[in-house]
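Report on one structure; see the data block that follows.
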Amino acid sequence: MNTLKNDLLLRTLRGEKTERTPVWMMRQAGRYLPDYRILREKYSFFERCQTPELATEITIQPVEQIGVDAAIIFSDILVVPQAMGMEVQMVESKGPLLPDPIKGMADLNRLALPDVEEKLGYVFDALRLTKKTLAGRVPLIGFAGAPWTLLCYMVQGKGSKTFDEAKAFCYTQPEAAHRLLQMITDTTIAYLRGQAAAGADVVQIFDSWGGLLGPEDFEQLSLKYIRQIVAALKDEVLTIVFAKGAWHSLEGMAATGANGLGIDWCIRPQMARKLAGPTVALQGNFDPAKLLSPIPVIEREVRAMLDDFTGGPGRNAGAHGYIANLGHGILPNVPVEHALAFVETVKNYQYEPAR
Ligand code: CP3
């Protein structure tokens, strides 16, 4: 069924050598694109997510306008708490708001393990329509939030620098916390299975707040659940785990059997490779704020990043085991030409032929 014209990402995740490094950008479907901003004037955030035609159009914009090697479905990690029964609002220039957050064991009774076809079928519809519209141009990435990151929003009720209330919930009511994490995990497994069945070639698990936890807490509150998700999906779809700031646990993340691991810009590629071991693909790790540099600086820094990850021209490690990306989502104030320079520099990077 997969007759992709460009399958660089899939081959890299399978551990195969490719003629060049694949490139895409986290949060590539979004506010830095003028055409996205036009749709944003007309439709609310969740209308954009829930209308397959709109989600498809937004998903494909960066493929056509920036030339990335993969599409990521336009949706949000917070559609899962919504499907479990929580109200989620997206407040203009403030971000997400969950007005009735989880405070204790009793609140868990308000949550359901949803029938994902019924509650999230619109995401599957959007994936099917996107897959059809892409017509094999590039692979399609599905995604979900990691259980820990979703717990952060479900308990804190909004964004936070520290997610202190979410942590306090875990430290004072561990039984409720683990019950909630397991409910999210079970929902996420069914949800990502549905995404794979609807045409996602790869799924990425975003643990945006993994780095708020020390290594032991990360193991107990995050990795334990990510492990279950990866194990459940391993035979159905390629997987990427991105736990921002949790570089200390790259070894454990690699041991989940994920095909790719995302890393942010606060770790050197060589160190990440040492920790993750030789087989898993690494994805990252350009500082998103560096896309605000002048274009010649972007070009130079991207080439330096590629040298670091691949061994560099002349050292001929070649293009394998590496997916060029940012170390977190693209910022809304990045000029489109700068995003283009990022992608073009990766595509034009020359490898020495293997000796
Ligand atoms: O990567 C893509 O382009 C696909 C779409 C996508 C969105 N959100 C659309 C979106 C993806 C993969 C996400 C993931 C997501 N959502 C994460 C994990 C990745 C990360 O950046 O850490 C998180 C933590 C969220 C929760 C969320 N959604 C926040 C905090 C916000 C507001 C601030 C922000 O980062 O934009 C959103 C809103 C949101 N989700 C927007 C988009 C395009 C902006 C909505 C708008 O104003 O148009």
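Quick note: residue numbers are just sequence positions, from 1. Each ligand, and each atom within it, is numbered from 1 in the order the structure gives. In this text the structure is predicted, and so the values were computed from the model without any measurement.
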**Q.** Heavy-atom closest pair, residues C49 and F74
**A.**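 Reported closest heavy-atom pair: SG-CE2, 3.8 Å.
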**Q.** For R300, salt bridge (charged side-chain N to carboxylate O under 4.0 Å, His left out) partners two or more places apart
**A.**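 Expected list: none.
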Q: Check salt bridge (charged side-chain N to carboxylate O under 4.0 Å, His left out) between K244 and all other residues, then give those that pass, not counting sequence neighbours.
A: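 Counting only residues at least two positions away or on another chain, K244 forms no salt bridge (charged side-chain N to carboxylate O under 4.0 Å, His left out).
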Q) Under a 4.0 Å heavy-atom cut-off, which residues neighbour ligand 1? A)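 These residues qualify: R27, Q28, A29, R31, Y36, R40, F45, R48, I72, I73, F74, S75, D76, I77, M90, G95, P96, F143, Y153, F206, S208, H328.
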Q: Run the salt-bridge test on R48 and E53 with the 4.0 Å N-O cut-off and return the result as yes or no.
A: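 The answer is no: the pair does not qualify as a salt bridge.
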(Q) Taking D7 first and then R11, would you say they form a salt bridge - that is, a charged N and a carboxylate O separated by under 4.0 Å? (A)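 Looking at R11 together with D7, the answer is yes, because their closest N to O distance falls below 4.0 Å.
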Q: Would you please name every residue forming a ring pair (Phe, Tyr, Trp, His ring centres under 6.0 Å) with F143, sequence neighbours left out?
A: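 So F143 forms a ring pair (Phe, Tyr, Trp, His ring centres under 6.0 Å) with F206.
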